[in-house]
Structures are given as C-alpha cells and as structure tokens.
Amino acid sequence: MDLVRQVPDSVPVLIAGGGPVGLATAVELAHHGVRCLVVEPRETVSWLRPRAKTTSARSMELLRRWGLAETLRSRAPLAVSWSDEAVFTTGLLGREITRIGGCFGLDLVGSDLAAEPGQQVPQPLVEEVLREAVGDALLTGWQVAGLQEDADGVTVRITSGDQEREVRARYVVGCDGPRSVTRAAIGSRYEGRQDARPNFNIVFRAPGLAERMRHGPAVHYWVLNPAQPGMLGRLDLKDTWWCIAQGVRAEDADPVQLVRNLAGDDIEVEILATDPWTARMLLADRYASDRVFLAGDAAHQNPPYGGHGFNTGIGDAVNIGWKLAAVLLGWAPPGLLATYESERRPIAADTIEAAARNMATLAPELADPALMGDDAEFEKVRPAVAEAVLRTKDSEFHSLDLVLGYTYAGSAIVSSGAGERLPHRWLAPGESLYDRLGPAFSLVGDQRSPGAAVLVAEAEELGVPLQIVDLPGEPLTLVRPDQHVAWRGGDPSGALRTALGRRPGDR
C-alpha cells in the first residue's frame, strides 16, 4: 500500500512526536474514545540509549488506569522486588561506604499511599508498551514540519523523505522534544539555564561483572572515586549495564577505560552505545495557543536526578488529554483548555528546581581522596562521607511529596479546599479505590448524602459521564478524570460546572 494513502486528511487531535509523552497523550485520548494521530519519525524504538529508567509510582498509577501497569511490569527486566536501594562505593568492585533504601517509591508494594509502586524499567520498553496500546493511531516515518493555526483548527504539514502532506486537526499537542517545531510555531521559547558540567552516558555489556560484585542488588551504584566519579546500574539481570561518567567531555572520553575506572578493575567490556549530555533547567514561557499545546520536553527540561524526567510529561499528557476529550465530546467549553498551562506549568517549575537541588551534590562533590587509601584511611573518613551522602541525597531518592503530593489547589476549575490527588487506599486485597473510578468524573462517598442527588442531576443536565462509587458513611468527593479532587464538602451546587470551566449561567 502506498504510504501516502495511510495519512488521514483530518483528525480531531494530531500529536507531534511519539516518545513516551506523545504516546501517553494518545492513550489518554483513546481512554475517552477520542481519535488522534501520532506523527513520529522513528520507525522502531532503539534500545541503545535507554535514557530514563525510573517510572514513578504516580506514572504507574496512571498506567494502571489505562490497564497497562501489569503489562509493563511483566516485561520489565528488573522486577520491582529486585531492589529498592542505592549503594555508594569506592568502585563497583570496591568498598561500600553507605546505602539508601526505599528509593523511587519502589518499596510501596501494598502501601495505602499508592495504587502502584515505582518501577525500574528502560524508557524503550515503556515506549513499546505504549506503542502497542496506541495501535494504528501511530504514524511512523513521518515528522511534523510546520503548522498553521486559524480560528477553526490547525493545518499541519508533515513530511516523509520527499513526500509531503497536510493534515487538518482541531487541536495539536506538541510532544516533539527540545527542538520542538510546535513550540516555535506558537512563538514560545525556553527560559532557564544549562549546567556547565559535562556527562557521558555509556551502555555496555560486561560478562561476569555481577557475579564479582559484593554489594548485592541495587538500582544505583554511586562511585565516589575522585579520579572518576559517576554511577552505574543494571539494565537487565544478564550482562547489560548503564553508567554515567560525570565531568567527562565527549572529546576526552575513552568509553572502555571509563567503565573500567568506575568498576575499579580492568574488566571485560563491550561498548554498546555512548551519549554525551549536559543537564538543562528549561521551562517554556508559554505552554499553549488557542489550539496548540506543548507537553513533555517540548515544554520543560530538567536534570535526571530524582527520576522525574518523562514522568512529569506523563502528568502533562493526562491533564491535556482529559481536557481535550471533555471539549471534543461536548462536556466542557473550549475555555477549559486554558487551565492546562495554569495547572501544569507550576508543577514543571517545581520539578526543575527539585532536580537542580539534587544535582548540586553529585558523586564528584561527595568523593574524598582518603576513601581510596588503605583500610585505616577509609574507615577514618567513611562515617563523615556516609553522613554527607544521607544528608544531601535523601530528597533525590525519597520524593513522594513531589511525585504523589503535587496539587492543583487554587486552579480556576478546583473548588476551595480541593485540588490534591485523591487519597489512595485499598478496599480489598488487590482492589484499589482508584479501580472503581470512571474514565470521566467520579462521585466518591456516601450516596445517601443530600449533595449526591445534586451532583448526579448536574451531570445528567450537562451530559457528563459520572461514575458512582458508593462508600457508606464517607463524605462526598467529586474526582476529576485525572484522579485529582475537584470538590469536597460544603454545598455541591455548581461544583461540576466549575470543574469543567463553565461560567455561571453556561449550559
């Protein structure tokens, strides 16, 4: 079949970029029954540069909401039970200095705090699972080359080699990364700064290395060797590893020697891929025009320390996804879409600053030459270094206040006293409160309360799907599609209208 004929003339939503955020946006739209087209240049997902490796507890909750959490876990090379620790050493084969447990929400199995624990999994696998879920809405081998917005929609120019087509969309979501065409098209620009220190990523194979290591399972191994500081971790339970050599410029890098330096011995190494980078703290000055919205790296970039990276973008995807669905399905007026930027941009700003604080103290700052001395020198300095590690790195590995605790309090579509993620709990073994929520709005609590009938009648009048979750004896809570609280307590009259961005008197 001619590839050109596979490109539709029009679509409700066109998504520029099919990385994890673009794909998540498409899955969210499909969750509400809204069609879209994801335009992505890459035909296949490459495993050579895995980039993000932490899928947060919050992202896993959203994957559960889409029915994908178990799929991802079943295919992850490292089970969530494998380890939740970070170990700090003089070298992978050297002496242990200290360790931190409960990292990245990996210890939340069965906790009432979350419906899902975090998951260590390479970004390419996340993309593969999301690609499968998106199905034929994904158009690979094409890229967005330009777009023109007008009062009724957006004309998007896409190209593939010497082929060019125009697709008409009512809305566009730009998930096309740091060099975003969509960001340029709406006149948005990054604000922020770049870290001066270079970093050098390596993916390598090292047969037998795990068997030689004495530190046991860990999600991170930090090497505090002043001569070569950095970190390593396993990509699978075979022989594939990743590492970051800090303070190394690409032109000076000898990948094999860097790996050996971090290991602390002349081990057998096969280099699979390298990736030089510098950390950026960047935030788009605007997230949207009337019909074009930015998400993920197109809107914000932050250092990887803390594992927030694409997870912030997944939050973007769900927020803009449910709001686009509400407008396209007639639940809400177009004005609802203006709340995407006002809700998500402050979250990205907070995340950038948290990651930047984590980056202020890395392996080079924690390394002490005495650690590399004889046993007596090591033991003399070890307690002070261990104390510095625990004091400066706790927030990087324990950030549930940011991951699970962010709020939309103060948003124009959130009633006073609301905005936080619905507090989670288990209703029965394996049954999360979240499992009872609907894809649209949900009314949680005692349905015999007088306010319940008010909200049910309002939903019927507005044509808004409303899932009833009857919890006898509990106060009523109106929950948004993204599992955040829209209203609780007090008079519910108009609460659903407020949550949909309808002004008083709007039908």
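Counting from 1, the numbers follow the sequence of the chain as shown.
- A donor-acceptor contact shorter than 3.5 Å is absent between the side chain of Asp275 and the backbone of Asn201.
- Ion pairing between a basic and an acidic side chain is recognised when a charged N comes within 4.0 Å of a carboxylate O; Arg58 and Glu61 show such pairing.
- Applying the ring pair (Phe, Tyr, Trp, His ring centres under 6.0 Å) rule to pairs touching residues 355-382 yields nothing, sequence neighbours excluded.
- A donor-acceptor pair is defined here as one N or O able to donate and one able to accept, closer than 3.5 Å; no such pair exists between the side chain of Lys53 and the backbone of Arg234.
- Around CD of Glu268, the count of heavy atoms belonging to other residues, nucleotides or ligands within 6.0 Å does not exceed 12.
- Residues Tyr287 and Ile186 are not in side-chain contact: their nearest non-hydrogen atoms beyond the backbone lie 4.5 Å or more apart.
- Contact detail for Lys323 and Asn319: the closest heavy-atom pair is NZ-OD1, 2.8 Å.
- Under the 4.0 Å criterion applied to side-chain N and carboxylate O atoms, Arg193 and Glu353 are assigned as salt-bridge partners.
- Inter-residue side-chain proximity for Arg280 and Tyr190 is flagged as unmet; no heavy-atom pair is nearer than 4.5 Å.
- In this structure, the side chains of Arg99 and His215 come closer than 4.5 Å at one or more pairs of heavy atoms.
- Gln143 and Ser160 share no donor-acceptor pair across their side chains, judged by distance under 3.5 Å alone.
- Judged by the 6.0 Å distance and 45° axis criteria, Arg344 is positioned over the aromatic ring of Tyr406.
- Considering only heavy atoms from C-beta on, Ile15 comes within 4.5 Å of Leu29 through its side chain.
- Geometrically, Arg65 does not engage Tyr434 in a cation-pi contact defined by less than 6.0 Å to the ring centre and at most 45° from the axis.
- Using modelled atom types, one finds a donor on one side chain and an acceptor on the other under 3.5 Å when comparing Gln119 with Arg73.
- In this structure, the side chains of Glu343 and His484 stay at 4.5 Å or more apart for every pair of heavy atoms.
- With respect to Arg286 and Glu341, no salt bridge is recorded, no charged nitrogen being found less than 4.0 Å from a carboxylate O.
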Requested in this report: In sequence, state the C-alpha distance, the side-chain angles, and the governing distance for Leu72 and Ser74, and then conclude on side-chain contact (heavy atoms from CB on, under 4.5 Å).
Outcome: CA-CA 6 Å; Leu72 184 65; Ser74 69; over 6 Å; no
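- Within the 4.5 Å cutoff, side-chain heavy atoms of Leu294 are placed close to those of Ser188.
- Salt bridge Lys238/Asp236: absent, no basic N to carboxylate O contact under 4.0 Å.
- In this structure, the side chain of His220 does not engage the main chain of Phe88 through any donor-acceptor pair within 3.5 Å.
- The neighbour count for Asp136 CG, taken as heavy atoms of other residues, nucleotides or ligands under 6.0 Å away, does not exceed 12.
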Query raised in the report: Leu14 and Val144: side-chain contact (heavy atoms from CB on, under 4.5 Å), yes or no, with the steps?
Result: CA-CA 10 Å; Leu14 185 141; Val144 172; 4.0 Å; yes
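- Closest approach of Val219 to Leu106, counting heavy atoms only: CG1-CD1, 3.6 Å.
- Residues forming a ring pair (Phe, Tyr, Trp, His ring centres under 6.0 Å) with Tyr171 (at least two apart in sequence, or on another chain): none.
- Side-chain contact check for Ile271 versus Val259: some heavy-atom pair is nearer than 4.5 Å.
- Between Cys243 atom SG and Leu92 atom CG the span is 10.0 Å, to the nearest 0.5 Å.
- The pair Arg382-Asp368 does not meet the salt-bridge criterion, since no charged nitrogen lies less than 4.0 angstrom from a carboxylate oxygen.
- Rounding to the nearest 0.5 Å places CZ of Arg42 at 9.5 Å from CG of Leu138.
- Taking the charged nitrogens against the carboxylate oxygens, Glu127 and Arg51 have no contact shorter than 4.0 Å, which rules out a salt bridge.
- When side chains are defined from C-beta on, Val318 counts as touching Trp66, because their heavy atoms get closer than 4.5 Å.
- There is no side-chain donor-acceptor pair under 3.5 Å between Gln6 and Arg165.
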Report task. Show your reasoning for whether side-chain contact (heavy atoms from CB on, under 4.5 Å) applies to Gln228 and Val223. Result -> CA-CA 8 Å; Gln228 183 50 71; Val223 175; over 6 Å; no
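- Between Ser83 and Ala218 the shortest heavy-atom distance is OG-CA, 3.2 Å.
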